[in-house]
Amino acid sequence: MRLQNNLQNKNELAYLCALTLLFSYAELILPRIFPFFRLGLANTVILIALDLNFTSYLLLSILKATAASLTGGTLFSPFFMISILQSLASALVMRLLYKVISKKLISLYGISVAGSAVSAFIQILFTSLYIGAGTFALLGPMLIFNTISGILTAFFCEKSGIKESYNYIEENSANLKTGYSDFEANEKSARKGLQIFFAAILITASVSVFFIKNLILLAFVFTISLLAQKLAKRKIFLIPHISMWLFIFISAVFLPNGKVLCKIWNFSITEAALLMGLQKALTLSTVSALSQCAVCLKPGRKTLLGLSLDHYKIMSDRFRKAQGSLIARITSALRLS
């Protein structure tokens, strides 16, 4: 009986993680008002899972960040660690508010906004360790945006029908279908050694990039990384790189250093700050491009991560084929039969 319950819990967690990936994927359809701000609809799943036992709840928050980093191509970049810390801190605060203060004193909207605010603070705090203290100038705008994001996430949680889906998951987690055949599972097992070797190469290359200081060499390595991304059959999207560069250069403006090149309002654009920003931007873009190659890594089917990606494959296929509004397409993707 205990083994059966463990299997059901594993399938339930994997399905919930797959939902976070689905909502992140669906979010790409929505227009982005600001290049480096995202709504974070994946937190909807964390909101409906507040009643999970504590261990499973924390595991879900870690799994959410890990799966998103793998599919998004940031697994071997600093963004992965920031994502893990954001997810954990946000989840813990929401859980604390839900369990200790209780929903009689604070609504789902309040819990969601608090989680979004903590996520913004963690992101700025740990980003500043690499980019510089200038990133704190963006904390105010990010908190405002994340407050709106938290409200929209709670609204989406109540209106999307995901709660009904979750009730079904709890009752039928052992019977949820997955997409891999036994042949595919065996084939992946045979490639396990090769994947470990490939992962080791990616990790080594990603760490080595941070020791390159020469801008010309760094630009060359960045070009090679983009070619590697292309060989891994991953599309090259410029917007994420542009968003990151904007974030870094705006932060650099608030930390003037060296010769003043020009002034914009009361801000001095200095040569040393721009060069430092360029180096950091190139470094992060290179590591991001290398991390995109990590999508070639396929976790074992029996692992939580592998099972999560398995469920996500079915959901995303349904979502792409569905017609109608975003909510209608998500509802179609959540079809459990």
Any donor-acceptor pair under 3.5 Å linking the side chain of [X] with the backbone of [Y]?
{"X": "Arg329", "Y": "Phe319", "answer": "yes"}
{"X": "Ser56", "Y": "Leu52", "answer": "no"}
{"X": "Ser206", "Y": "Leu202", "answer": "yes"}
{"X": "Ser87", "Y": "Ile84", "answer": "no"}
{"X": "Ser285", "Y": "Ala281", "answer": "yes"}
{"X": "Asn146", "Y": "Ser116", "answer": "yes"}
{"X": "Ser69", "Y": "Leu75", "answer": "no"}
{"X": "Ser308", "Y": "Leu304", "answer": "yes"}
{"X": "Thr20", "Y": "Ala42", "answer": "no"}
{"X": "Thr74", "Y": "Ser77", "answer": "no"}

field: Test salt bridge (charged side-chain N to carboxylate O under 4.0 Å, His left out) applied to Lys313 and Asp317, step by step
entry: CA-CA 6 Å; Lys313 180 179 184 297; Asp317 286 345; 3.8 Å; yes
message: Check the orientation of Trp245 and Phe222. Use parallel for under 30°, tilted for 30 to 60°, and perpendicular for over 60°.
response: tilted
message: Can you confirm whether more than 12 heavy atoms, excluding those of Ile216, are under 6.0 Å from its CD1 atom?
response: no
query: Do Phe155 and Tyr109 have ring centroids that are under 6.0 Å from one another?
result: no
Linking I/L/V/M/F/W/Y whenever any side-chain heavy atoms sit under 4.5 Å apart, do [X] and [Y] land together?
{"X": "Leu227", "Y": "Phe237", "result": "no"}
{"X": "Leu246", "Y": "Met276", "result": "no"}
{"X": "Phe210", "Y": "Met244", "result": "yes"}
{"X": "Val207", "Y": "Ile201", "result": "no"}
{"X": "Ile124", "Y": "Ile144", "result": "no"}

task: Step by step, work out the side chain to side chain contact (heavy atoms under 4.5 Å, CB included) result for Lys10 and Tyr15.
output: CA-CA 9 Å; Lys10 182 178 180 179; Tyr15 197 89; over 6 Å; no
What pair of heavy atoms forms the shortest contact from [X] to [Y], and how long is it?
{"X": "Asn11", "Y": "Leu307", "value": "OD1-CD2, 3.6 Å"}
{"X": "Leu309", "Y": "Leu21", "value": "CD2-CD1, 3.8 Å"}
{"X": "Ser90", "Y": "Gly115", "value": "OG-O, 3.0 Å"}
{"X": "Ala49", "Y": "Leu60", "value": "CB-CD2, 3.7 Å"}
{"X": "Pro78", "Y": "Leu284", "value": "CG-CD2, 3.9 Å"}
{"X": "Leu70", "Y": "Ala294", "value": "CD1-O, 3.5 Å"}

task: Kindly indicate, with the supporting measurements, whether the criterion side chain to side chain contact (heavy atoms under 4.5 Å, CB included) is fulfilled by Leu108 and Cys157.
output: CA-CA 9 Å; Leu108 186 68; Cys157 180; 4.1 Å; yes
message: Applying side chain to side chain donor-acceptor pair (under 3.5 Å), can you list everything that pairs with Ser119, at least two apart in sequence or on another chain?
response: Gln86
task: Any chance you could lay out the side chain to side chain contact (heavy atoms under 4.5 Å, CB included) test for Phe126 and Leu129, step after step, and finish with the verdict?
output: CA-CA 5 Å; Phe126 286 94; Leu129 297 178; 3.8 Å; yes
field: side chain to side chain contact (heavy atoms under 4.5 Å, CB included) between Phe79 and Val287, intermediate numbers included
entry: CA-CA 10 Å; Phe79 302 115; Val287 173; over 6 Å; no
- prompt: Do the numbers put Arg95 on top of the ring of Tyr57, so that NZ or CZ is under 6.0 Å from the six-membered ring centre and no more than 45° off the axis?
  reply: yes
- line: Taken in chain and number order and not counting sequence neighbours, the residues that satisfy side-chain contact (heavy atoms from CB on, under 4.5 Å) with Leu218 are Val209, Ile212, Gln279, Leu282, Thr283
